[in-house]
Amino acid sequence: MKAAASSKSSLQACHAPKKHSGGRCTSYGHIALLLGYPQRARQVGVCLKHLPSFDPTDPDRHFYHDQNVPWQRVVNAKGGISPRGDGGAGASRHVQKLRGEGIVVNDQGNGIAEAWVDMERWGWFPTRIPGEESEPDDEDDTTS
DNA sequence: TCAGCGGCCCGGC
DNA sequence: CGCCGGGCCGCTG
C-alpha cells in the first residue's frame with residue numbers, strides 16, 4: 001500500500017519540543033509515521049516486542065537487537081509505558097532502562113503499573129529519520 | 001476530563 | 001482458515 005499522501009501528515013499534533021535536556025523519548029505512532037505508515041503504531045510495538053536479544057556468542061547473528069536499538073525510548077503517545085500483560089516484567093525493564101539514561105519516569109509510587117514519562121519534557125518528535133538522506137529529489141549530479 | 005469505539009494489521013490459537 | 005487480542009491512536013459522546 002502506498003504510504004499515503006504525506007501532505008496530510010497529521011503529525012503536526014506532536015507537542016512542540018521544549019527544552020529537552022538529555023534523554024529523548026518518542027512514541028510508537030511517531031515511529032510509524034516516520035516510516036511512512038502513520039496507522040501502524042501497533043505494528044511498531046510488535047516489532048520491538050520481537051526484537052531479538054543480543055547474542056554475545058554470535059554478535060553478527062542479528063543486525064538489530066535489544067542492545068543496539070534504543071527500544072526503551074519508545075512509549076505510547078501519552079508518554080505511558082504499557083503493562084504488556086506480562087505482569088509488569090517487561091514494563092519494569094523498560095522503566096529501569098529509561099532511568100538508566102537519566103530519564104525521569106513517574107510511577108506514582110505504585111510500581112510500574114502507571115509508569116509514564118512527561119513528553120512535554122522528554123518527548124522528541126523529529127520530522128525525519130535521523131541519518132536518513134533528505135530526499136531523492138536532489139539528484140544534483142551536476143558537480144562533474 | 002474520561003471512557004468507549006472503530007480503524008489498522010499482524011501474530012497466535 | 002477464521003477468530004481474538006495486542007507494547008496504539010485519535011475521534012466522539
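Quick caveat: nothing in here was measured; it's all calculated off a predicted structure. The figures here come from the full heavy-atom set of this structure, side chains too, leaving out hydrogens, waters and symmetry mates. To find a chain, count down the sequence lines: A is the first, B the second, and so on, and within it residues start at 1.
- Closest heavy-atom contact between A:Pro126 and A:Leu34: O-CD2, 3.4 Å.
- No close placement of the A:His30 and A:Trp124 rings is indicated, their centers lying 6.0 Å or farther apart.
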Please list, for nucleotides 4-8 of chain C, all pairs of protein and nucleotide N/O atoms separated by less than 3.5 Å.
| residue | atom | partner | partner atom | Å |
| --- | --- | --- | --- | --- |
| C:dG6 | N9 | A:Arg42 | NH2 | 3.3 |
| C:dG6 | N7 | A:Arg42 | NH2 | 2.9 |
| C:dG7 | OP1 | A:Lys49 | NZ | 3.1 |
| C:dG7 | OP2 | A:Arg84 | O | 3.2 |
| C:dG7 | O3' | A:Ser82 | OG | 3.2 |
| C:dG7 | O6 | A:Leu48 | O | 3.4 |
| C:dG7 | O6 | A:Lys49 | N | 3.4 |
| C:dG7 | N1 | A:Arg84 | NH2 | 3.4 |
| C:dG7 | N2 | A:Tyr28 | OH | 3.2 |
| C:dG7 | N2 | A:Arg84 | NH2 | 3.4 |
| C:dG7 | N3 | A:Tyr28 | OH | 2.6 |
| C:dG7 | N3 | A:Arg84 | NH2 | 3.3 |
| C:dC8 | OP1 | A:Ser82 | OG | 2.6 |
| C:dC8 | N4 | A:Arg42 | NH1 | 3.3 |

- Message: Apply side-chain hydrogen bond (donor to acceptor under 3.5 Å, both in side chains) to residues A:Gln96 and A:Gln72 and explain how you reach the verdict.
- Response: CA-CA 9 Å; A:Gln96 300 306 319; A:Gln72 72 280 13; over 6 Å; no
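- By the salt bridge (Lys or Arg N to Asp or Glu O under 4.0 Å) test, A:Arg61 is found to be paired with A:Asp55, residues two or more places apart in sequence or in another chain being considered.
- For the pair A:His94 and A:Val75, the tightest heavy-atom approach, listed with the atom from each and the gap, is NE2-CG1, 4.1 Å.
- A:Asp66 has no carboxylate O lying under 4.0 Å from a charged side-chain N of A:Lys97, or vice versa, which leaves the two without a salt bridge.
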- Query: In dot-bracket, 5' to 3', how would DNA chain C read with Watson-Crick or G-U wobble pairs under 3.5 Å, [ ] for crossing ones and | for pairs to another strand?
  - Reply: .|||||.||||||
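- Nearest heavy-atom pair, A:Lys78 versus A:Met119, reported as atom, atom and distance to 0.1 Å: C-CG, 4.2 Å.
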